[in-house]
Number of protein chains: 2
Amino acid sequence: MSERMKRRPTSIDVAERAGVSQSTVSRALAGSEVITEATRARVLRAAEEIGYFVDERAARLRRGSTGTLAVVVICRPGESAADINPFSYMLLGSVCLAASERGFETLVSFQAREEQFFGHYEERGWADGLVVIGTTTNRAAWDYFRGLEKAERRVVYWGSPFDDLEWVRSDNRAAGRLAVEHLLAQGYRAPCFLGAIDSPQHQFAERYEGYCEAMRAAGLEPCLVPTRDGATREEEGAAAVGAWLDQGGGADAIFAACDAMALGALEALKHRGVAVPGEIGLAGFDDLPAARFAQPGLTTIAPDPAAAGSLLVDALFNAGEGAPLRRVSVSLTPRGSTAR
Amino acid sequence: MSERMKRRPTSIDVAERAGVSQSTVSRALAGSEVITEATRARVLRAAEEIGYFVDERAARLRRGSTGTLAVVVICRPGESAADINPFSYMLLGSVCLAASERGFETLVSFQAREEQFFGHYEERGWADGLVVIGTTTNRAAWDYFRGLEKAERRVVYWGSPFDDLEWVRSDNRAAGRLAVEHLLAQGYRAPCFLGAIDSPQHQFAERYEGYCEAMRAAGLEPCLVPTRDGATREEEGAAAVGAWLDQGGGADAIFAACDAMALGALEALKHRGVAVPGEIGLAGFDDLPAARFAQPGLTTIAPDPAAAGSLLVDALFNAGEGAPLRRVSVSLTPRGSTAR
DNA sequence: CTGAAAGCGCTTACAG
DNA sequence: CTGAAAGCGCTTACAG
């Protein structure tokens, strides 16, 4: 009984047992229309009986595709799993879910250090396309991936610092406008923007542009909290707002370019005894879980998480057919930090 | 010039260009000791020049292994990427990082609904082993994976409800003891436990056992907040504590089996005007990012995230060699919620 | 140290 | 509707 051997069963084993050829097994298991239902049933049963599964290594080699999507999450060097931005994780989940719905497996890789940078998934026969997400602060990583673009390759980026690459992003200008409109509606009169607008993180600059538009539309002058460096976005936010308060502050609300910075800002404000939302209103972007549990709850704007993954995957595979959607719509969740 | 053709280059193209055989190319690129440095350099250069990468589909087919680890994250049905427990994400990151350090790629899949359940990664030639993590509440999923165990297979579970499967877990008893010891040291006299101890989530029961041990060691009687159902752990915690308070409560501290429940509990306490940490102290488990930003900050106990991934991956591949470590050590982070 | 040849387990023209 | 044969691109005994 060859079926009883310890080696894994092959399509030939199934063929023998079902009394058909290897070709027929392949067609039956692949769901080919051309096969008789009776034959298919026989094959399926034989496969089940000997615990046969198609070996994807061989199938893909022959077929030439992989049915897999590679997802690279760019991290900051030295970051451990607990330090990675929750939004990156959420986006990762969203991409995996969207890929799965479209019948793709996902090969996931977290990359932080120069020696780990790798994007040749297509050449290696590992994937049919690549989604790159993660922190914009790792400049070396983005430079590496930009360098890859010379070859023809299916890649799409979330939060790429380079406008010439294929990207999908939140509708950041709309987010900026939403923030200002909300703050003004809550009675604030001088909302300031917190976030680096000259950084490679164009998304921040886009949020700032939307902020400016809405400010000017309301007859107000835009203003900026000067940025500070920090090991994390939180520290950046805390340091910037701390220094700004030391200089006298001068606004009654802050729209922070991301929740992590807003949460840092919140700590700095509390630390100095500035009441939120009473003296200063605060809004962020990303809708991190932590935003909900902050005290007061942090008003925040965020892209639809499911839509983000879908758009990324679709952008990858519909690259040819017309301009794919590249902007994920955003919405504002009002919480205590702006409830004056 | 065959190198100029549009098709992807193969090892034969490299061989031609370097003036060696295909075998030599393979050995040179695989880092075989047996190859002359001069030959290797020639091969490397030729490969570089024509942009050659080894096709892993073929390499793996021939070699018989995959160099890949499958990671399944079990979710609750209907959960979107934004709803998945941050701790699951962190654990996922930790496993991917640990796998990468050991030279493995990671194939990630989020599974929630019955039709999606899949664990035959080895049979499919997709992976050499499988790590299953995620919510214990999806009973159908765990039953499915348990059913897989009949065949010989490399799997390891985090948070498996089944003690007979290969698992890696936090040192949950130590966590329970730590919580009680900390609460008593802070001056609380009657810490209660919040979490389902009869559920398939054995980890909760283990934390409860540790809690009981420390209580009895201190001459105190263990007590339980009756559990309630909810769509999320937070809602479970909020509902349970709400109902418990309605019944008169009767403890001056709560150790919740996980942070998500603790955060729900915190909301319920605030909602009813119970002061934390003044009237009731509160501690959780997991160290979610949200725990840090809660008001007051949530005291919490957590496993070392990096260690969790390492132990899982090691348990998978050292299964033969003696008993692998299966308990991840935990530590307590004191915050405002127990700072009386 | 290097090469010629076989073969990993599929899928897919090509016949019939 | 089904089968015999070729071939996807590697790696690895087996020779030399």
Side-chain angles (χ1 to χ4, degrees), chain A residues 2-3 5-44 46-47 50-68 120 122-126 128, chain B residues 2-3 5-44 46-47 50-68 120 122-126 128:
Chain A
S2 71
E3 294 92 18
M5 290 171 60
K6 222 17 186 318
R7 64 172 177 74
R8 58 188 287 166
T10 70
S11 62
I12 294 181
D13 298 325
V14 179
E16 275 178 12
R17 183 172 255 265
V20 297
S21 74
Q22 198 187 12
S23 328
T24 299
V25 170
S26 174
R27 293 190 190 104
L29 262 30
S32 162
E33 297 279 304
V34 91
I35 295 286
T36 314
E37 273 317 311
T39 310
R40 189 195 311 282
R42 208 137 39 88
V43 170
L44 253 39
I50 63 176
Y52 171 77
F53 288 83
V54 171
D55 186 325
E56 290 290 328
R57 290 169 295 206
R60 292 164 169 198
L61 175 58
R62 181 53 233 243
R63 209 185 284 121
S65 69
T66 69
T68 299
H120 300 279
E122 285 185 65
E123 292 91 324
R124 283 255 164 155
W126 260 329
D128 299 331
Chain B
S2 70
E3 293 92 18
M5 291 174 59
K6 218 28 185 310
R7 64 174 177 71
R8 57 187 287 166
T10 70
S11 62
I12 294 182
D13 298 325
V14 178
E16 275 178 13
R17 183 173 255 265
V20 297
S21 74
Q22 199 187 12
S23 328
T24 299
V25 170
S26 174
R27 292 190 190 105
L29 262 31
S32 161
E33 296 279 306
V34 92
I35 295 286
T36 314
E37 272 319 310
T39 310
R40 189 196 309 281
R42 208 136 41 88
V43 170
L44 253 40
I50 64 176
Y52 170 79
F53 288 84
V54 171
D55 185 324
E56 290 290 329
R57 290 169 295 206
R60 292 164 169 197
L61 174 58
R62 181 54 233 243
R63 210 186 286 122
S65 69
T66 71
T68 299
H120 299 279
E122 285 185 67
E123 293 91 323
R124 283 252 163 157
W126 259 330
D128 300 331

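Since we're looking at a predicted model, the values are computed, not measured. Here is the naming used below: chain letters follow the sequence lines, and residue numbers restart at 1 for every chain.
With Val25(B) as the fixed residue, the side chain to side chain contact (heavy atoms under 4.5 Å, CB included) test singles out one of Val14(B), Val54(B), Thr39(B): Val14(B).
Rounded to a whole Å, the CG atom of Leu61(A) is 9 Å from the C1' atom of dG7(D). Distance CZ (Arg60(A)) to C1' (dT12(C)): 18 Å, rounded to an integer number of Å. Counting to the nearest Å, the C1' atom of dC8(C) and the CD atom of Glu56(A) are 15 Å from each other. Atom CZ of Arg8(A) is separated from atom C1' of dC10(C) by 11 Å (rounded to the nearest Å). If you measure from atom CG of Asp55(A) to atom C1' of dC10(D), you get 14 Å, rounded to the nearest angstrom. If you measure from atom CG of Asp13(A) to atom P of dC10(C), you get 9 Å, rounded to the nearest angstrom. Following rounding to the nearest Å, Ile12(B) (CD1) and dA6(C) (P) show an atom-to-atom distance of 15 Å. Nucleotide dG3(D) holds its P atom 13 Å from the CD atom of Glu16(A), rounded to whole Å.
Applying the 4.0 Å criterion to OP1 and OP2 of dG9(D), one finds that Thr10(B) has every side-chain N and O outside that range. Note on Ser11(B): every side-chain N or O is 4.0 Å or more away from OP1 and OP2 of dG9(D). Contact check, Arg63(A) against dT11(C): a side-chain N or O comes under 4.0 Å of OP1 or OP2.
In this structure, CZ on Arg63(B) lies 6.0 Å from CD on Glu56(B), to the nearest 0.5 angstrom. Expressed to the nearest 0.5 Å, how far CZ of Arg62(A) lies from CG of Leu61(B) amounts to 13.0 Å. Interatomic distance, Asp55(B) CG to Arg124(A) CZ, rounded to the nearest 0.5 Å: 10.0 Å. We find the CD-CZ distance between Glu33(B) and Arg27(B) to be 13.5 Å, quoted to the nearest 0.5 Å. To the nearest 0.5 Å, atom CG of residue Asp13(A) and atom CD of residue Gln22(A) are 10.0 Å apart. Rounding to the nearest 0.5 Å places CD of Glu37(B) at 12.5 Å from CZ of Arg42(B).
Considering only side-chain atoms of Arg62(A), the nucleotide from dG3(C), dG9(D), dC10(C) that sits closest is dC10(C).
Of the residues in residues 23-43 of chain A, Ser23(A), Ser26(A), Arg27(A) come within less than 4.0 Å of DNA chain C through at least one heavy atom, sorted by number.
As judged by a 4.0 angstrom heavy-atom cut-off over every strand, Gln22(A) is placed among the base-contacting residues.
For the pair Ile35(A)/Thr24(A), a side-chain contact is recorded, criterion being any heavy-atom separation below 4.5 Å from C-beta on.
Side-chain atoms of Thr36(A) never come within 3.5 Å of backbone atoms of Ala38(A) as a donor-acceptor pair (strictly under, hydrogens ignored).
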Exercise for the section: Using a 3.5 Å limit on both pairing distances, list the dot-bracket string of DNA chain C from the 5' end; Watson-Crick and G-U wobble pairs count, crossing pairs take [ ], interstrand pairs take |. Expected result: |||.||||||||.|||

